[in-house]
Structures are given as C-alpha cells and as structure tokens.
Amino acid sequence: MSADVGAPWLVVGLGNPGPGYAMNRHNVGFMVADLLAARIGGSFKRSAKGQAHVLEGRVGPPGPGSRRVVLAKPMSFMNVSGGPVTALRDFYKVPTANIVAVHDELDIDYGVLRLKLGGGDNGHNGLKSMTKAMGPDYHRVRFGVGRPPGRMQVADFVLKDFSSVERKELDFFVDRAADAVECLLAEGLERAQGTYNG
C-alpha cells in the first residue's frame, strides 16, 4: 500500500507525557515531533479529538512539493497510543499509509535511522497498540537507541534519560530524524530510505 499524495499526513511522535519522561530514550519520538513543530513555526495544542497534542502545517518546499501534515504527540501513555492515533486518523481522514510513527528502536545502534512501511512491532508497546488499533500498514521512522548494557531490563533502559555521552550527539541525531520525516513526506519512502537508512 503506497501513500496517498493528495491526502494529509499524520506524523506521530511516540513517548510518555509529563516532564519526568521528557529526556527518556523512550521519548525520542516526542523530541523529533517538537523539532518538526519548531520548523513549521507553530506550537502544539490539545486536540478536541483524541487524547493528543497536535499541530497542523505544511512541510517541504513551498508549492506543489509541500505536504499537509498533522503532527501529534499522544498524551495517553506509550502502551495505549493506538486509541489517540486512531481518533486523529479518523478525524483528519488520513489513510493508514499516510501515518508515520517516530519511535525508539532497541535493535539499532544509537543514532542510526531505519525507515520502513509496515512490519512487526518488535516488542515496542507503542507500535503494538497502534497496530492492534489499525493494522500494521503505516510508516515507521525507527531511531536507534541500542541495547541495554549488562543485565539491565529493557523497561529500565528505555525509561532512563540519554547518557551524558549520548546527549552530546542527540541534537544532531534528532535533527537528522526530522530531516528523514520531511524527506519521506516530500519525496517518498524509497528516496528517504536511500538517503537516511544507516
């Protein structure tokens, strides 16, 4: 299933709401969404439809190359993201193939990106909830956070802040992930994969 060029896009940054989670590895989707919002020049507002913060705008070059986009940060918790995302999809009439989930990915080295359409959830609770709600045929921008060190539990690892060493490069990697989202919307998955897949 390919994206519908004329329809709006829904770009969902996955994370957990609240300041205590803001710099967690699990919240990198929120970080990318915040940067995209800054690029558009707007600020998130609470959505009337669904438990989420949203911003409507356009990304890409002015003219026919720009794409209408709804940025969203679900304000449920990560493991129940599917409900808010489905409500936004229905309200804005977004085809599932025009939905992009930006999320942390354990099986990829820190800072490496992988873009794809469809697939499994790889144990990611946000994706699991989205897939249960609307099927797997949405785009993913997977932001590598690496595996937990030693015997640290996965849940403990993703709910910890990025380390001081990781933070030195975090802004660069978040910036690159935002570039990848814009490329995906404006130029399609194949071009974005060729440019940004690590």
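These figures come from a predicted structure and were not determined experimentally.
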Pair Asp34 + Lys73: basic N to acidic O under 4.0 Å = yes
Determine, using the 4.5 Å side-chain heavy-atom cutoff (strictly less than), whether Val141 and Ile40 are members of one ILVMFWY cluster.
-> yes
Given the rule that I, L, V, M, F, W and Y join up when any side-chain heavy atoms are under 4.5 Å apart, are Leu115 and Leu106 in one cluster?
-> yes
same_hphob_cluster(Ile108, Tyr196) at 4.5 Å side-chain heavy-atom cutoff | no
When every non-hydrogen atom of Pro95 is compared with those of Ala7, the smallest separation belongs to CD-CB, 3.6 Å
Ser66 side chain reached by Val59 side chain, heavy atoms, under 4.5 Å = no
So, do Glu166 and Asp161 sit near enough that their side-chain heavy atoms are less than 4.5 Å apart?
-> no
Measure the CG-CZ distance between Leu185 and Arg68 for me, rounded to the nearest 0.5 Å.
-> 12.0 Å
How far does NE2 of His124 sit from NZ of Lys128, to the nearest 0.5 angstrom?
-> 10.5 Å
Taking all atoms of both residues into account, what is the closest heavy-atom pair of Ala22 and Asn27, and its distance?
-> O-CB, 3.8 Å
For the hydrophobic clusters of this structure (ILVMFWY residues joined by side-chain heavy atoms under 4.5 Å, transitively), does one cluster hold both Val80 and Leu127?
-> no
Scanning both residues in full, the closest heavy-atom pair of Pro8 with Val94 reads O-CG1, 3.5 Å
Are Tyr110 and Met31 co-members of a hydrophobic cluster defined by side-chain heavy atoms under 4.5 Å apart?
-> yes
Check whether any side-chain heavy atom of Leu88 sits under 4.5 Å from a side-chain heavy atom of Val70, and report yes or no.
-> no
Please walk me through it: do Ser129 and Asn79 pass side chain to side chain contact (heavy atoms under 4.5 Å, CB included)?
-> CA-CA 6 Å; Ser129 178; Asn79 60 357; 5.8 Å; no
Could you tell me whether the side chain of Glu182 reaches within less than 4.5 Å of the side chain of Arg67, counting heavy atoms only?
-> no
Would a 4.5 Å heavy-atom cut-off, applied to side chains only, mark Arg39 and Asp175 as touching?
-> yes
If you take all heavy atoms of Pro74 and Val85, which pair is closest and at what distance?
-> CG-CG2, 4.2 Å
Result for side-chain hydrogen bond (donor to acceptor under 3.5 Å, both in side chains) between His26 and one of Asn16, Asp104, Asn125 points to Asp104
The remaining residues in the hydrophobic cluster of Met75, counting side-chain heavy-atom contacts under 4.5 Å among Ile, Leu, Val, Met, Phe, Trp and Tyr, are Phe30
Can you spot which of Arg147, Arg25, Arg142 makes a salt bridge (charged side-chain N to carboxylate O under 4.0 Å, His left out) with Glu105?
-> Arg142
NZ/Lys132: more than 12 non-hydrogen atoms of other groups inside 6.0 Å | no
Smallest separation among heavy atoms of Phe44 and Ala37, with atom names | CE1-CB, 3.5 Å
Rounded to the nearest 0.5 angstrom, the CZ-NE2 distance for Arg140 and His103 is 6.5 Å
Take Val11 and Leu36 through the test side chain to side chain contact (heavy atoms under 4.5 Å, CB included) and record every step on the way to the result.
-> CA-CA 10 Å; Val11 175; Leu36 287 165; 4.2 Å; yes
Separation between CZ of Arg176 and OG1 of Thr195, rounded to the nearest 0.5 Å | 9.0 Å
From Leu113 CG over to Asp179 CG, what is the distance, rounded to the nearest 0.5 angstrom?
-> 9.5 Å
Step by step, would you call Lys160 with Asn24 a side chain to side chain contact (heavy atoms under 4.5 Å, CB included)?
-> CA-CA 5 Å; Lys160 281 202 181 333; Asn24 287 182; 5.7 Å; no
Mind running side chain to side chain contact (heavy atoms under 4.5 Å, CB included) on Val28 and Val102 for me, showing each step along the way?
-> CA-CA 8 Å; Val28 75; Val102 184; 5.8 Å; no
If we only count heavy atoms from C-beta on, is the Trp9 to Tyr92 side-chain gap below 4.5 Å?
-> no
Below 4.5 Å, heavy atoms only, C-beta onward: do Pro148 and Asp156 meet side chain to side chain?
-> no
Give the ring-plane orientation class for Phe162 versus Phe143, where under 30° counts as parallel, over 60° as perpendicular and anything between as tilted.
-> perpendicular
Note, Arg46 side chain near Val54 side chain (heavy atom, < 4.5 Å) = no
For Thr131, all residues meeting side chain to side chain donor-acceptor pair (under 3.5 Å), sequence neighbours excluded | Tyr138
Closest heavy-atom pair and its distance - Ala192, Ala180 | CB-O, 4.2 Å
Measuring from Leu170:CG to Ser163:OG, what's the distance to the nearest 0.5 Å?
-> 9.5 Å
